[in-house]
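Contents: one structure, followed by commentary.
Sequence lines set the chain letters: A, B, ... in the order given, protein chains first and strands last, and positions in each chain run from 1. Quick caveat, the model's predicted, so the values are computed rather than measured.
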There are 2 protein chains.
Amino acid sequence: MARFRYPQLCALARAAEVVGERWTLLIVRELLLGPRRFTDVKGRLDGVSASVLTQRLLALEESGLVVRRYLEPPAASTVYELTAAGRALEPAINALVSWGVRALVPVRPRERVESDWLRLALTAWARREPTPARSFTVRVRQPRREVAVRVVGGPDGTTVSEAGAPSDATLIADAQTMLGLVSGMLVPAAALRGGHVRLDGDPRALDDFPALFNA
Amino acid sequence: MARFRYPQLCALARAAEVVGERWTLLIVRELLLGPRRFTDVKGRLDGVSASVLTQRLLALEESGLVVRRYLEPPAASTVYELTAAGRALEPAINALVSWGVRALVPVRPRERVESDWLRLALTAWARREPTPARSFTVRVRQPRREVAVRVVGGPDGTTVSEAGAPSDATLIADAQTMLGLVSGMLVPAAALRGGHVRLDGDPRALDDFPALFNA
DNA sequence: CCGCATCCGTTTCGATACTG
DNA sequence: CAGTATCGAAACGGATGCGG
């Protein structure tokens, strides 16, 4: 791999050399969730080959973004972990996420969703001004399984976190519908009547849902 | 080109599909400076081939980040211009720049510098708290020519802009030295004694220079 | 000269198979 | 589990050509 891909003394070009290769940013995204094994990362990134993932992890290690840690027996495996320099990419990744949400719709067939990725997207949409004090469990139905996140409104704005804790209401829909509701393109009551959304819990909560996000 | 490179419903993956190809972010960086002709962009990006630049501009147009405008005679040429969606990338690019500055040093041989890129880097380093009310012209000497930006401290923090207006002092040095001064790795007085930096104007200003940036 | 299209040798990628 | 080996396909950089 050409180490010096762009002959420019420019910070953006330097960033692109380190994290601009195919898959690299998505690998960092996974490692931001915590140390991960080779197979764990590969399992999340459908389509990446073992050889390319090896190359990328090696390059990230050389660039000082990732360290490899050998776990003691009985674990006896290797994990890849972000360094401080790697974690420092988080603001840039969040900015790219905020920009990228506009392209999430339309949802494409056979596309995979993980709750971590859904959380990223909803966080980018979340309002920072005071929002209705409601809590929701957002469940997105996939062909093979469901993923869920928790969305909570409050005086400090909307927060998005892992699902688990009880909530006022649970919304169940496919990805396209849920993104429509979040982005304000779909009206909750209409989606409910149309049978695209299932609501468990407090029925009055549903109308507040769009107010938790920037339309 | 595979349009759907990552089969993931993730905003970061979507962003990477649109701007993650080689050269693409650097093309957007150039167009953020204003509408540009094909040849202008190509002239700034040493190493990009005409065919790849054509592909990228076409892809950016299809993605809605760029529009092509045909100028009337006597100009009679085409310019590429960012749309609102394209300009919306600026925060993400700035975040990547802020992260990338750490890799600017060491400067590599035969690397090109443009004043716009220098401005990006110094802006990322600029302090946002009140800084000494001094103005500097920063001139970076290259083998073939010199580039310059203007750095001004004040109660609202440091601002970096195009060179031109007069300033309290002018610093002239090569790129490596200048980045050393900005990053706090070099002490101004020592660099001056060592002959690595030339100072025109108020000699007392020099000691304030590092205070304009986050070390 | 400007904006591309085409050709060609090299690099990189993705899929599969294989190994300690 | 964590990669390595291999191989055809795609992408890339550089050169050339060509219509406007």
Problem set entry | Within-4.5 Å side-chain heavy-atom neighbours: B:Ile172 and B:Arg141 |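 Sidechains of B:Arg141 and B:Ile172: in contact.
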[X] with [Y]: basic N within carboxylate O range, under 4.0 Å:
X        : Y        : value
A:Arg150 : A:Glu162 : no
A:Glu17  : B:Arg108 : yes
B:Glu30  : B:Arg44  : yes
A:Asp40  : A:Lys42  : no
B:Arg5   : B:Glu21  : yes

Exercise. Just checking A:Tyr80: base, sugar-phosphate only, or nothing, at a heavy-atom cut-off of under 4.0 Å?
Worked result: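 The answer is sugar-phosphate, as A:Tyr80 gets under 4.0 Å only of primed atoms, P, OP1 or OP2.
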Problem set entry | Test log, rule side chain to side chain contact (heavy atoms under 4.5 Å, CB included), inputs A:Val152 and A:Thr158 | CA-CA 6 Å; A:Val152 182; A:Thr158 302; over 6 Å; no
For [X] and [N], give me the distance from atom [atom1] to atom [atom2], rounded to whole Å.
X       : N      : atom1 : atom2 : answer
B:Leu26 : D:dC12 : CG    : P     : 13 Å
A:Arg5  : D:dC12 : CZ    : C1'   : 9 Å
B:Leu58 : C:dC4  : CG    : P     : 7 Å
A:Arg69 : D:dA2  : CZ    : P     : 13 Å
A:Arg36 : D:dG3  : CZ    : P     : 16 Å
A:Gln55 : D:dT4  : CD    : C1'   : 12 Å
B:Phe38 : D:dC18 : CZ    : P     : 18 Å
B:Tyr6  : C:dG14 : OH    : P     : 8 Å

Problem set entry | Nearest-nucleotide comparison on DNA chain D, the residue closer to the 5′ end among A:Arg37 and A:Arg22 | A:Arg37
Problem set entry | Net bend of the helix from C:dC1-D:dG20 to C:dG20-D:dC1, end axes of five pairs each, nearest 10 degrees |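 Nearest ten degrees gives 30° for this helix.
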Problem set entry | Side chain of A:Ser77 (C-beta onward), nearest among C:dG14, D:dC1, C:dT12 |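 Of C:dG14, D:dC1, C:dT12, D:dC1 is nearest to the side chain of A:Ser77.
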Problem set entry | Proximity to DNA chain D (any heavy atom under 4.0 Å), residues of residues 39-53 of chain B only |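 By residue number: B:Gly47, B:Ser49, B:Val52.
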Exercise. Reckon B:Arg56 has a side-chain N or O less than 4.0 Å from the OP1 or OP2 of D:dC12?
Worked result: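 Looking at the OP1 and OP2 atoms of D:dC12, one of them is under 4.0 Å from a side-chain N or O of B:Arg56.
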For this session: Using a cut-off of strictly less than 4.0 Å, decide whether B:Trp23 has a side-chain nitrogen or oxygen near OP1 or OP2 of D:dC12.
Result: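 No, no such contact exists.
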Exercise. Taking all non-hydrogen atoms of both residues, which atom of B:Trp99 and which atom of A:Ala85 are closest, and how far apart?
Worked result: NE1-O, 2.9 Å
Exercise. Going through the checks in order, is the side-chain hydrogen bond (donor to acceptor under 3.5 Å, both in side chains) test met by B:Ser135 and B:Ser167?
Worked result: CA-CA 5 Å; B:Ser135 63; B:Ser167 54; 4.8 Å; no
